[in-house]
Amino acid sequence: MNQDNLIEIRDLSVEFVTGEHHHRVVNNVSFDIKRGETLALVGESGSGKSVTAHSILRLLPYPLARHPGGTIHYAGQDLLTLKEKTIRHIRGNRIAMIFQEPMTSLNPLHTIEKQINEVLGLHKGLTGKVATRRTLELLELVGIPEPHKRLKALPHELSGASASG
């Protein structure tokens, strides 16, 4: 693996299995994502963009989905062959994705503080006031106005919250 690359995807194929039928939806895709780089997958509706992206973090509906070919290498490991517990520590900690439907990314029943603190606890070992302080810093970094007031907000209450107003 080239040290300049964070993720190397080679000849990735994805199929969905329904009964005895195998539907190939991604065929031999290859690309690199370099450290610090942002990648946008662009294409027509149904061209396999989301399936390709979800494959990186193994978020497809397995075993209905399968990878008949290809590799996804990160830090010297093929992500497609890792145990679930190992990939869970990489998701959101070392590799993250901004989903097409952001409203489904947060639980509508839990506060922003609870959800971000949970991730900080899982991936960084932060708890209590230390986690909350870091959550405030993160909200400030992304331009959420008055972040201390937003901690107890539910996700839908952030809709339209931006640095400009």
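Note that the structure is a prediction, hence the values are computed from the model and not measured.
- In this structure K152 satisfies the salt bridge (charged side-chain N to carboxylate O under 4.0 Å, His left out) test together with E113, sequence neighbours excluded.
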Q: Tell me, with the steps shown, if F31 and L41 meet side-chain contact (heavy atoms from CB on, under 4.5 Å).
A: CA-CA 10 Å; F31 59 88; L41 294 176; 4.2 Å; yes
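- The line from CG of L57 to OH of Y74 is 10.5 Å long, rounded to the nearest 0.5 Å.
- Two residues are said to be in side-chain contact when any heavy atoms from C-beta on lie closer than 4.5 Å; H110 and L154 fail this criterion.
- Two residues are said to be in side-chain contact when any heavy atoms from C-beta on lie closer than 4.5 Å; N28 and R10 fail this criterion.
- Evaluation of the side chain to side chain contact (heavy atoms under 4.5 Å, CB included) rule for T127 yields no partner, not counting sequence neighbours.
- How far OG1 of T132 is from CG of L151: 6.5 Å, rounded to the nearest 0.5 Å.
- For the salt bridge (charged side-chain N to carboxylate O under 4.0 Å, His left out) test, residues two or more places apart in sequence or in another chain that qualify with R134 are E137.
- In this structure, R66 and L60 have side chains that are not in contact, with every pair of non-hydrogen atoms separated by 4.5 Å or more.
- Residues meeting the side chain to side chain donor-acceptor pair (under 3.5 Å) test with D78, sequence neighbours left out: none.
- Taking T18 as the reference, H23 meet the side chain to side chain donor-acceptor pair (under 3.5 Å) condition, with sequence neighbours excluded.
- With sequence neighbours excluded, no residue forms a salt bridge (charged side-chain N to carboxylate O under 4.0 Å, His left out) with E20.
- Residue I144 holds its CD1 atom at 11.5 Å from CG of L136, rounded to the nearest 0.5 Å.
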Q: Start with the C-alpha gap between E8 and K34, add the side-chain angles, then the distance that decides, and say whether salt bridge (charged side-chain N to carboxylate O under 4.0 Å, His left out) holds.
A: CA-CA 9 Å; E8 288 184 346; K34 293 182 175 30; over 6 Å; no
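- Not counting sequence neighbours, R58 has no partner by the side chain to side chain donor-acceptor pair (under 3.5 Å) test.
- For the salt bridge (charged side-chain N to carboxylate O under 4.0 Å, His left out) test, residues two or more places apart in sequence or in another chain that qualify with R24 are E15.
- E37 CD: more than 12 foreign heavy atoms inside a 6.0 Å radius.
- N107 and K114 form no side-chain donor-acceptor contact under 3.5 Å, judged by distance and modelled atom types alone.
- Residues passing the side chain to side chain donor-acceptor pair (under 3.5 Å) test with R88, sequence neighbours excluded: none.
- Residues L120 and V142 share a hydrophobic cluster, clusters being chains of Ile/Leu/Val/Met/Phe/Trp/Tyr side chains in contact below 4.5 Å.
- Applying the side chain to side chain contact (heavy atoms under 4.5 Å, CB included) criterion to S47, with sequence neighbours excluded, gives K49.
- To the nearest 0.5 Å, atoms CD1 (I72) and CD1 (I7) are separated by 8.0 Å.
- Hydrophobic cluster membership is shared by L141 and V130, with clusters built from Ile, Leu, Val, Met, Phe, Trp and Tyr side chains linked at under 4.5 angstrom.
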Q: Would you please test I95 and L79 for side-chain contact (heavy atoms from CB on, under 4.5 Å) and show each step?
A: CA-CA 11 Å; I95 301 173; L79 298 181; 3.8 Å; yes
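- Across all their heavy atoms, P68 and S13 have their closest contact at CD-O, 3.4 Å.
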(Q) Walk me through whether L12 and T71 qualify under side-chain contact (heavy atoms from CB on, under 4.5 Å). (A) CA-CA 6 Å; L12 180 68; T71 59; over 6 Å; no
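- Following chains of ILVMFWY side-chain contacts shorter than 4.5 Å, one cannot reach I116 starting from L122, and the two form parts of different hydrophobic clusters.
- Considering only heavy atoms from C-beta on, F16 comes within 4.5 Å of V51 through its side chain.
- Rounded to the nearest 0.5 Å, atoms CG (D32) and CD1 (I9) are 8.5 Å apart.
- Evaluation of the side chain to side chain contact (heavy atoms under 4.5 Å, CB included) rule for V119 yields H123 as partners, not counting sequence neighbours.
- A distance of 11.5 Å separates NE2 in H89 from CG in L82, rounded to the nearest 0.5 Å.
- Other residues, nucleotides and ligands contribute more than 12 heavy atoms inside 6.0 Å of the CD atom of E84.
- For E146, the side chain to side chain contact (heavy atoms under 4.5 Å, CB included) partners two or more places apart in sequence, or in a different chain, are H148, K149.
- One hydrophobic cluster, built from ILVMFWY side chains closer than 4.5 Å, cannot hold both V17 and Y62; they sit in different ones.
- In this structure a side-chain-to-backbone donor-acceptor pair under 3.5 Å is present from T135 to A131.
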